[in-house]
> 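Next up is a structure, given as structure tokens.
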Protein chains: 2
Amino acid sequence: MSAEEERFLKDYVPREYPSVALAVDLVVFAVTGSTLNAAFVRRGNHPFKDALALPGGFVLPDEDALTAAWRELEEETGLDLGEHRAHVEQLATFSSPKRDPRMRVVSVAHLALLATDGRTLPDLARGSDAAAAEWLPVYNVLADGDLAFDHREILAAALGRLAGKIEYTLTAARLLPEEFTLNQLRRVYQAVWNTTRLDAGNFTRKMTGALQDSGRKVTHGKGAPAAVFTVRDEYLSPPLIRPAK
Amino acid sequence: MSAEEERFLKDYVPREYPSVALAVDLVVFAVTGSTLNAAFVRRGNHPFKDALALPGGFVLPDEDALTAAWRELEEETGLDLGEHRAHVEQLATFSSPKRDPRMRVVSVAHLALLATDGRTLPDLARGSDAAAAEWLPVYNVLADGDLAFDHREILAAALGRLAGKIEYTLTAARLLPEEFTLNQLRRVYQAVWNTTRLDAGNFTRKMTGALQDSGRKVTHGKGAPAAVFTVRDEYLSPPLIRPAK
DNA sequence: CCAATAGTGTCTATTAGACAGTATGCT
DNA sequence: AGCATACTGTCTAATAGACACTATTGG
């Protein structure tokens, strides 16, 4: 930095600019069986008392939004995020002046994925907030549920992002343990796309190119043992296209 | 709103929350020939005095970010945005605490597209700011140019978004007049992807399904007259895949 | 043996990409 | 005529999607 620039910054007095509170909201996804679930908190206060809402919180002065999202994810789930192979990415920013009736809050929404074995959802311990978060099936909530603020719009945006992204990446594997079978992966796709139309045979052929076969096999009670894979390439080429409903 | 809720909001006193200045930055693209250009302003003050920067400004108290982006686009270009068929969409939010050394400024970056006839770039009148914006070829700036703040990262994100989006949508047509020829459209693709590998014949075949033939033809000095199209479907199916470089 | 799952084989219709060929209009 | 551009035709290799088939396990 030049001496001139240092002098400038030292003497800099900011004009009055409109200021806002900066928050993050989280759409946390996890899969059981062939169902896509998201984490919700039940609001204890007005506005939107007793309605479902997405977990979230304010961005601290020394954090960027992504760091705040990771912190809130850990605080609101109480989980070991390493064990759950958590993935967090920025989704979009919601900035309508009236989205929170109390004051101006701009929210940077984030998409978070947690790994499960496909059988049980992670236990959501009560974090710093009074009420623990709960898992609910995404497609049910979008069909029926009332959500606080603009959280329905955020949830829909997150689902759209995830549904699109797994067409051309192996992001779906972030919803599974590091090692998984093709059947597990196919169930994740079916959960996210809310469909049962994925042919197991064709799915195998299209995916194996991007996967690494561990050489080991695993058995799930019934049926032939299944090969265990890890992700080799993060990108699918050609992409797997979502079937028309 | 219930009486109880009204009472709550009336008596609501916000706690102290960290506040930030909220800004928008704009990546404004337009095409001439087979070159993708973006609009830049030359900074007159520290920090980053004399460096190139993206146009932008602060979000006003009663605006959301998208509205602010439209307003700044009009102010900084001085153009009739209707005539240029402007398209603006949110790109991503940049929130590193130190991205502006003067104070905390969180920027919601936006992608803007302006239509040209493919021959000349719109004249950028000097707006409310002292210096007029200028057009520069995007790939040159990314290769050589120094940009202020984190604007190189924003520019790269915008280019990536546009390059990806035109694979499966006709967003590229927003860089052309409402009516255009397939040759014009192909030049836009080549400009955005920085390639010359698009076969004109195959391009015709793949695009015509999503386009509406006006029935009219137009001639450009040399060669056979070209059919004039408008956009019929915003989505391309199947997508047009970017050739490997 | 039966049921359920894993994974491969096969067939057909469609498509991409390369490139040839024809038509049109300007100079 | 000569040339540049617009667009269609054709060929080949690759692919998707449907579905049959075999193999392997537990009950």
Side-chain angles (χ1 to χ4, degrees), chain A residues 33-34 117-119 166-168 176 179-190 193 195-230 232 235-245, chain B residues 33-34 117-119 166-168 176 179-190 193 195-230 233 235-245:
Chain A
S34 283
D117 61 1
R119 299 176 174 284
I166 65 177
E167 289 189 352
Y168 61 95
L176 292 173
E179 299 193 315
F180 53 86
T181 67
L182 283 168
N183 195 20
Q184 287 180 294
L185 185 61
R186 188 165 49 86
R187 282 172 184 280
V188 171
Y189 272 85
Q190 292 179 164
W193 288 343
T195 183
T196 55
R197 285 164 164 262
L198 295 181
D199 181 283
N202 294 337
F203 187 82
T204 298
R205 227 187 328 251
K206 303 227 280 195
M207 281 295 167
T208 42
L211 299 179
Q212 175 69 49
D213 192 334
S214 71
R216 273 167 293 121
K217 300 225 169 205
V218 77
T219 176
H220 290 301
K222 300 185 166 182
V228 173
F229 294 90
T230 56
R232 187 216 299 267
Y235 285 86
L236 294 175
S237 62
L240 188 68
I241 303 297
R242 212 176 327 181
K245 290 273 289 199
Chain B
S34 283
D117 61 1
R119 298 177 175 282
I166 64 176
E167 289 189 351
Y168 61 96
L176 292 173
E179 300 193 315
F180 51 87
T181 68
L182 284 168
N183 194 20
Q184 287 181 293
L185 185 61
R186 189 166 48 85
R187 280 173 186 280
V188 170
Y189 273 86
Q190 292 179 165
W193 288 344
T195 182
T196 54
R197 285 165 164 260
L198 295 180
D199 181 282
N202 294 337
F203 187 82
T204 298
R205 226 188 331 252
K206 303 226 282 193
M207 281 295 166
T208 42
L211 298 179
Q212 175 70 49
D213 192 333
S214 71
R216 272 167 293 121
K217 300 224 169 204
V218 77
T219 177
H220 288 300
K222 301 185 167 183
V228 173
F229 294 91
T230 56
D233 290 328
Y235 285 86
L236 294 175
S237 63
L240 188 67
I241 304 296
R242 212 176 327 180
K245 291 273 290 199

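Within every chain, numbering begins at 1; the chains are lettered A, B, ... in the order of the sequence lines, protein sequences first and strands thereafter.
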> Whole angstroms only, please: what is the CG-C1' distance between L185(A) and dG7(C)?
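Whole-Å distance recorded here is 15 Å.
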> For D117(B), is there any backbone N or O sitting under 3.5 Å from a side-chain donor or acceptor partner on Q184(B)?
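Judged by distance alone, yes, a pair lies under 3.5 Å.
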> Checking T181(B) against V218(B) for the side-chain contact (heavy atoms from CB on, under 4.5 Å) test, could you report, in this order, the C-alpha distance in whole Å, the side-chain angles of both residues, the deciding distance, and whether it holds?
CA-CA 8 Å; T181(B) 68; V218(B) 77; 3.6 Å; yes
> With N183(B), which residues qualify under side chain to side chain donor-acceptor pair (under 3.5 Å), at least two apart?
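Applying side chain to side chain donor-acceptor pair (under 3.5 Å) to N183(B) gives R186(B).
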> How would you list, by chain and number, every residue that makes a side chain to side chain contact (heavy atoms under 4.5 Å, CB included) with A210(B), sequence neighbours excluded?
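Result, side chain to side chain contact (heavy atoms under 4.5 Å, CB included) vs A210(B): L170(B), D233(B), L236(B).
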> Could you walk me through whether D213(A) and V228(A) pass the side-chain contact (heavy atoms from CB on, under 4.5 Å) test, one step at a time?
CA-CA 6 Å; D213(A) 192 334; V228(A) 173; 6.0 Å; no
> Measure the distance from CG on L236(A) to C1' on dA16(D) and round it to the nearest whole Å.
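Rounded to whole Å, this separation is 15 Å.
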> With sequence neighbours excluded, tell me which residues meet salt bridge (Lys or Arg N to Asp or Glu O under 4.0 Å) with R216(A).
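Applying salt bridge (Lys or Arg N to Asp or Glu O under 4.0 Å) to R216(A) gives E179(A).
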> Answer yes or no: is there a donor N or O on one side and an acceptor on the other, between the side chain of Y189(B) and the main chain of I166(B), under 3.5 Å?
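Answer holds: yes.
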> For DNA chain D, determine which residues of residues 206-217 of chain A have any heavy atom closer than 4.0 angstrom to one of its atoms, and list them numerically.
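Those residues whose heavy atoms fall under 4.0 Å from DNA chain D, taken from residues 206-217 of chain A in numerical order, are K206(A).
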> Could you state the CG-P distance from L198(B) to dA16(C), rounded to the nearest angstrom?
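The distance from CG of L198(B) to P of dA16(C) comes to 13 Å, rounded to the nearest Å.
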> How long is the span from the CG atom in L198(B) to the CG atom in L240(B), to the nearest 0.5 Å?
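Going from the CG atom of L198(B) to the CG atom of L240(B) covers 6.5 Å.
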> On DNA chain D, does the nearest nucleotide to R187(B) precede the nearest nucleotide to A200(B) from the 5' side, or the other way round? Give the residue.
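It is R187(B) whose nearest nucleotide is closer to the 5' end.
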> When the distance from CD of Q184(A) to C1' of dT5(C) is rounded to whole Å, what number comes out?
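Taking atom C1' of dT5(C) as the reference, CD of Q184(A) is at 13 Å.
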> Name the residue closer to the 5' end of DNA chain C, choosing between N183(A) and L240(B) according to the nucleotide with the nearest heavy atom.
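Of the two residues, N183(A) wins.
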> In the 5'-to-3' direction, what one-character label does each nucleotide of nucleotides 19-27 of chain D receive under the scheme B = base within less than 4.0 Å of a protein heavy atom, S = sugar-phosphate only, - = no such atom?
B----BBS-
> Donor-acceptor pairs under 3.5 angstrom involving side-chain atoms of residues 202-209 of chain A: please list them, not counting sequence neighbours.
residue: N202(A); atom: OD1; partner: R205(A); partner atom: NH2; Å: 2.7
residue: T204(A); atom: OG1; partner: A200(A); partner atom: O; Å: 2.9
residue: T208(A); atom: OG1; partner: T204(A); partner atom: O; Å: 3.0
residue: T208(A); atom: OG1; partner: R205(A); partner atom: O; Å: 3.3

> Grab the CD1-C1' distance between I241(A) and dT15(C) for me, whole Å please.
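Nearest whole value for this atom pair: 13 Å.
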> Find the distance R197(B):CZ to dC19(C):C1' and express it as a whole number of Å.
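Taking atom C1' of dC19(C) as the reference, CZ of R197(B) is at 16 Å.
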> Check every strand shown and say whether A227(A) touches a base, only sugar-phosphate, or nothing at a heavy-atom separation below 4.0 Å.
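Contact class for A227(A): sugar-phosphate only.
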> Rounded off to whole Å, could you give me the CZ-to-C1' distance for the R186(B) and dA4(D) pair?
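Rounding to the nearest Å, CZ of R186(B) and C1' of dA4(D) are 13 Å apart.
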